[in-house]
Amino acid sequence: MTSPNGNKIPLTPSQEVDTRYMSRIIEILTDKANENAYGWTKLGLLANIDEGANAVIMYNVVIWRDEPWDDWLPDFEIEMISRAIARWRQEADGVEKAPLWTSMFLGVTARGHARWSPGYGEDFGQWKIHTDRSNKPVVEKALEEM
């Protein structure tokens, strides 16, 4: 990180962990989008941590040709992201005594802008993945704000 006057600002240990894993997930998403949806403009990912089942639940969208597509990411990449999220939380738990995020939105644009927005509630808050209705509007709204 750099301050407004150009000086380097060291990351805290938790920021370093968040940045490293966020970057890894963005790399996986963008690599696959470049391969499967050439010309994509935005990518969005929701993730919920189910502590009881020791599982990560995810929902992802790619905006391609001005349309949102939510069945584009292959199982292998979904598994890679799931493992990265599990390692992310494990490493974050060892860094600070702060509460661990339970849900998140991660968005990225083809122009290189990224947004990570964690949630900390047991109910997953605004990033809750629903099984009874479409999650696409939540991701699309978050991507529009980027």
Side-chain angles (χ1 to χ4, degrees), residues 1-2 9-146:
M1 260 171 101
T2 308
I9 301 172
L11 296 176
T12 67
S14 63
Q15 288 173 322
E16 194 275 328
V17 169
D18 293 341
T19 301
R20 182 166 11 104
Y21 284 100
M22 183 177 75
S23 298
R24 176 64 183 132
I25 293 169
I26 288 171
E27 177 184 28
I28 295 166
L29 289 170
T30 57
D31 284 353
K32 195 46 71 172
N34 288 335
E35 184 179 316
N36 288 351
Y38 185 77
W40 64 274
T41 55
K42 294 181 181 180
L43 302 167
L45 173 76
L46 295 179
N48 294 177
I49 305 301
D50 183 343
E51 298 282 1
N54 195 25
V56 178
I57 301 161
M58 292 184 292
Y59 176 79
N60 59 79
V61 170
V62 60
I63 306 296
W64 180 56
R65 297 183 178 169
D66 295 324
E67 293 291 326
W69 301 89
D70 63 359
D71 191 21
W72 69 278
L73 195 60
D75 290 343
F76 181 75
E77 281 72 17
I78 289 171
E79 180 63 26
M80 287 175 54
I81 291 170
S82 181
R83 288 181 183 183
I85 288 172
R87 286 190 304 268
W88 182 351
R89 285 185 30 97
Q90 182 179 21
E91 195 168 327
D93 190 34
V95 171
E96 289 184 5
K97 298 295 183 209
L100 291 174
W101 54 269
T102 58
S103 62
M104 74 162 177
F105 165 77
L106 178 61
V108 63
T109 69
R111 293 183 175 168
H113 300 279
R115 173 183 170 205
W116 176 59
S117 182
Y120 295 91
E122 289 182 23
D123 64 353
F124 306 116
Q126 68 181 335
W127 307 130
K128 179 178 176 61
I129 297 172
H130 298 277
T131 57
D132 60 341
R133 65 180 187 258
S134 176
N135 293 290
K136 210 180 282 187
V138 172
V139 176
E140 285 180 292
K141 182 178 183 224
L143 289 172
E144 284 174 12
E145 294 172 359
M146 293 183 64

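Numbers here are sequence positions counted from 1.
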Do [X] side-chain atoms and [Y] backbone N/O form a donor-acceptor pair below 3.5 Å?
X      : Y      : result
Trp64  : Ala33  : no
Asn48  : Ile129 : yes
Thr30  : Ile26  : yes
Ser103 : Ala47  : no
Lys42  : Thr109 : no

Could you tell me whether the side chain of [Y] reaches within less than 4.5 Å of the side chain of [X], counting heavy atoms only?
X      : Y      : result
Pro74  : Asn36  : yes
Tyr59  : Lys136 : yes
Phe105 : Glu145 : no
Lys32  : Leu73  : yes

List the steps and the verdict of salt bridge (Lys or Arg N to Asp or Glu O under 4.0 Å) for Arg89 and Glu51.
-> CA-CA 11 Å; Arg89 285 185 30 97; Glu51 298 282 1; 2.3 Å; yes

Looking only at heavy atoms, what is the nearest atom pair of [X] and [Y], with distance?
X      : Y      : value
Glu91  : Val17  : OE2-CG2, 3.6 Å
Leu43  : Leu143 : O-CD2, 3.2 Å
Trp72  : Asn60  : NE1-OD1, 2.9 Å
Pro118 : Tyr120 : CG-OH, 3.6 Å
Val56  : Met58  : CG1-CG, 3.7 Å
Ser117 : Gln126 : OG-NE2, 4.3 Å

Apply side-chain contact (heavy atoms from CB on, under 4.5 Å) to the pair Trp116 and Ile25, showing each step before the final yes or no.
-> CA-CA 11 Å; Trp116 176 59; Ile25 293 169; over 6 Å; no

Reported [atom1]-to-[atom2] distance for the pair [X] and [Y], which is rounded to 0.5 angstrom:
X      : Y      : atom1 : atom2 : value
Thr131 : Arg133 : OG1   : CZ    : 9.5 Å
Ile63  : Thr41  : CD1   : OG1   : 6.0 Å
Met80  : Asp75  : CE    : CG    : 13.0 Å
Asp18  : Ser23  : CG    : OG    : 10.5 Å
Ile28  : Glu79  : CD1   : CD    : 10.5 Å
Asp93  : Ser14  : CG    : OG    : 12.0 Å

So does [X] have more than 12 non-hydrogen atoms from other groups sitting under 6.0 Å from [atom1]?
X      : atom1 : answer
Asp132 : CG    : yes
Asp123 : CG    : yes
Glu122 : CD    : no

Between Glu16 and Arg20, is there a side-chain N and carboxylate O pair less than 4.0 Å apart?
->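 Salt bridge flag = yes for Arg20 with Glu16.
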
Taking 4.0 angstrom as the limit, do Glu27 and Arg24 come out as a salt bridge?
->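 Salt bridge present between Glu27 and Arg24.
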
Report the C-alpha separation of Thr102 and Trp127 in whole Å, then their side-chain angles, then the decisive distance to 0.1 Å, and conclude whether the side-chain contact (heavy atoms from CB on, under 4.5 Å) test is met.
-> CA-CA 9 Å; Thr102 58; Trp127 307 130; over 6 Å; no

Side chain to side chain contact (heavy atoms under 4.5 Å, CB included) partner of Val61, the single match among Val138, Leu46, Val139 =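 Per the side chain to side chain contact (heavy atoms under 4.5 Å, CB included) rule, the option paired with Val61 is Val139, out of Val138, Leu46, Val139.
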
Listed partners of Glu67 passing salt bridge (Lys or Arg N to Asp or Glu O under 4.0 Å), at least two apart |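 So Glu67 forms no salt bridge (Lys or Arg N to Asp or Glu O under 4.0 Å) with any residue.
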
From CA spacing to verdict: side-chain contact (heavy atoms from CB on, under 4.5 Å), Trp101, Ile85 = CA-CA 11 Å; Trp101 54 269; Ile85 288 172; 3.5 Å; yes

Decide yes or no on side-chain contact (heavy atoms from CB on, under 4.5 Å) for Met146 and Glu144, but give the supporting numbers first.
-> CA-CA 5 Å; Met146 293 183 64; Glu144 284 174 12; over 6 Å; no

